[in-house]
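Have a look at the structure that comes next, please.
Note: hydrogens, waters and symmetry copies are ignored here, and every other heavy atom, side chains too, is used. Along the sequence shown, residues carry numbers from 1.
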Amino acid sequence: MKRLLLMISITFLYSCKSNEIADFESTLKLGKAISVGTKFCVTDKVLGGIFNLQIADSVLILLSDDGNGCLQLFNKLNYTYLQTNGIYGRGPGEFPNNLVEINVYRDTIQVLDLQRNTVSLFHKQKFLTDSFAIADRIFQIEKYNGCFDIFPVDSFYISRPSIKTRFAQYNLNGKHIKDYNIYPDFGPNINEESKDYALRHYCFTKTKPDFTKFVSLSYIGGILEIFNIHDNSINKVTEIMFLDPNIKNSDDNISIVKDDTNIGFCGIYVTNKHIYASYSGLQFKDFKQKFLADYIIVFDWKGNPQKTYKVNSGLLGLTVDEELNRVYYITKNQDGEDIIGWFNL
């Protein structure tokens, strides 16, 4: 999430398969957005930047470096610090660095090691109570040396490789099966290489908790795609462009983002009923003034917008607590430091 934005800022020191661009201002109901104030989670715990957040039972898990480890655990009700996981080192239960992505799937916590290209699966309660938890299962991802994320769908794993391939499909042991390289329509004269830069490097993907579908949201422009598995292959069922990316052909994944590039989605969380997405709608020259989105758009799993919230403090990544009916999100305080905000739905 924020690592994507960091890469850009350094540079600057559907069953609707429609080709039409929606009138995003009206379709996403930005003018009728519900305004929500920010309540901050306050802690004395010293944190670095917050790159992601997840919720597991009563615990908020922050991907944030405190100098000792990269995963900080807090009580979701009172934001009391509980423990640090991902302690740095080379012993049992230790992490070599902070290059990880973490996701919660039912009773399992998955940690993707971006450097080793391995997936570690932990029983949730073990991970939440033991700073040096030993993974119950570890497997290597075949073929590609790196990937941005990996997630279960149906009886497969799907990854977003760091080498030119949009999605790669694996069996449950990480053995490569096939690739998927179909991209949405970015308009006339946009070549396949530029589409790859825009969608592989600059998108957010999440699997539905029942593992029947997954969604991809684009940071460059506002493109929503929903996929399932059909005949043992990735199958796109919905594609909607809410905002024209306004890109030109590019030779690399950095220069594809220009000042007049339209910025769409900036974070994602899903439940079995809804897709929650932070959304900007600004050109990059305006977005980079604060690197925060202003809206949360709630979609159903057909890609239809259901509700829109305007978050006064701005936000990036988010997670939703279905038990409390509450949204937690990454925002900034008056000093520009990353903090966690929340509001009740």
Between CD1 on residue Ile339 and CD1 on residue Ile330, distance to nearest 0.5 Å: 11.0 Å
Using the side chain to side chain donor-acceptor pair (under 3.5 Å) criterion, which residues pair with Lys213? Sequence neighbours excluded. none
Ring geometry between Phe284 and Phe287 (parallel below 30°, tilted from 30 to 60°, perpendicular above 60°): tilted
Sequence neighbours excluded, the answer for side chain to side chain contact (heavy atoms under 4.5 Å, CB included) partners of Asp251 is none
Hydrophobic clusters here meaning ILVMFWY residues chained together by side-chain heavy-atom distances under 4.5 Å, can you tell me if Leu315 and Ile34 are in one? yes
Qualifying residues under side chain to side chain donor-acceptor pair (under 3.5 Å), relative to Asn325, sequence neighbours excluded: none
Can you check whether Leu28's main-chain N or O pairs, donor with acceptor, with Thr308's side chain at less than 3.5 Å? yes
Applying ring pair (Phe, Tyr, Trp, His ring centres under 6.0 Å), which residue pairs with at least one partner in residues 302-324 are found, sequence neighbours left out? Tyr309-Phe343
Salt bridge (charged side-chain N to carboxylate O under 4.0 Å, His left out) pairs, two or more places apart, involving residues 218-231: Arg166-Glu225, Glu225-Lys236
Kindly say whether the aromatic ring centers of Phe227 and Tyr180 come within a distance under 6.0 Å. yes
Check the hydrophobic clustering (I, L, V, M, F, W, Y; side-chain heavy atoms under 4.5 Å; chains of links allowed) and say if Ile150 and Phe148 are grouped together. no
Could you measure the distance from the CD atom of Gln110 to the CZ atom of Phe122? Nearest 0.5 Å is fine. 10.5 Å
Side-chain touch Lys76/Leu324, heavy atoms, less than 4.5 angstrom: yes
Check the pair Asp300 / Lys273 against salt bridge (charged side-chain N to carboxylate O under 4.0 Å, His left out), numbers first and verdict last. CA-CA 6 Å; Asp300 64 21; Lys273 291 184 178 180; over 6 Å; no
Do Thr84 and Gln72 have side-chain atoms, one donor and one acceptor, less than 3.5 Å apart? yes
Establish, yes or no, whether a centroid distance under 6.0 Å links the rings of His201 and Tyr219. no
For Leu47, is there any backbone N or O sitting under 3.5 Å from a side-chain donor or acceptor partner on Glu337? no
Show every salt bridge (charged side-chain N to carboxylate O under 4.0 Å, His left out) that has at least one partner inside residues 143-153, sequence neighbours left out. Lys143-Asp179, Asp149-Arg160
Sequence neighbours left out, what passes side chain to side chain contact (heavy atoms under 4.5 Å, CB included) with Lys248? Give chain and number order. Asp260
Atom CG of Asn117 and atom CG of Leu99: how far apart are they, to the nearest 0.5 Å? 12.0 Å
Would you say Asn145 has more than 12 foreign heavy atoms packed within less than 6.0 Å of its CG? no
Less than 4.0 Å between a side-chain N and a carboxylate O, is that true for Arg200 and Asp196? yes
Would you say the side chains of Asn304 and Gln306 form a donor-acceptor pair under 3.5 Å? no
For a ring-ring contact (aromatic ring centres under 6.0 Å, His included) with Phe214, tell me which candidate from Trp301, Phe167, Phe204 qualifies. Phe167
Would you say Ile141 and Ile163 are hydrophobically clustered, going by side-chain heavy atoms of ILVMFWY under 4.5 Å? yes
How many angstroms lie between atom NZ of Lys178 and atom OG1 of Thr165, to the nearest 0.5 angstrom? 14.5 Å
Keeping to residues at least two apart or across chains, list the salt bridge (charged side-chain N to carboxylate O under 4.0 Å, His left out) pairs with something in residues 36-55. Lys45-Asp66
Considering residues at least two apart in sequence or located in another chain, which fulfil the salt bridge (charged side-chain N to carboxylate O under 4.0 Å, His left out) criterion with Asp252? none
Under the side chain to side chain donor-acceptor pair (under 3.5 Å) test, residues paired with Asn312 that sit two or more places apart: Ser35
What is the ring orientation for Phe299 with Phe265, classed by angle as parallel under 30°, tilted 30 to 60°, or perpendicular over 60°? perpendicular
Please state whether the rings of Tyr295 and Tyr279 are parallel, tilted or perpendicular, taking 30° and 60° as the class boundaries. tilted
Keeping the roles fixed (side chain from Asp321, backbone from Glu323), state whether a donor-acceptor pair exists under 3.5 Å. yes
Apply side chain to side chain donor-acceptor pair (under 3.5 Å) to Lys310 and list each qualifying residue two or more places apart in sequence or on a separate chain. none
Using a 3.5 Å cut-off and no angle test, enumerate the donor-acceptor pairs between side-chain atoms of residues 152-159 and protein atoms at least two apart in sequence or in another chain.
none

dist Gln54:CD -> Leu63:CG (nearest 0.5 Å) comes out at 9.5 Å
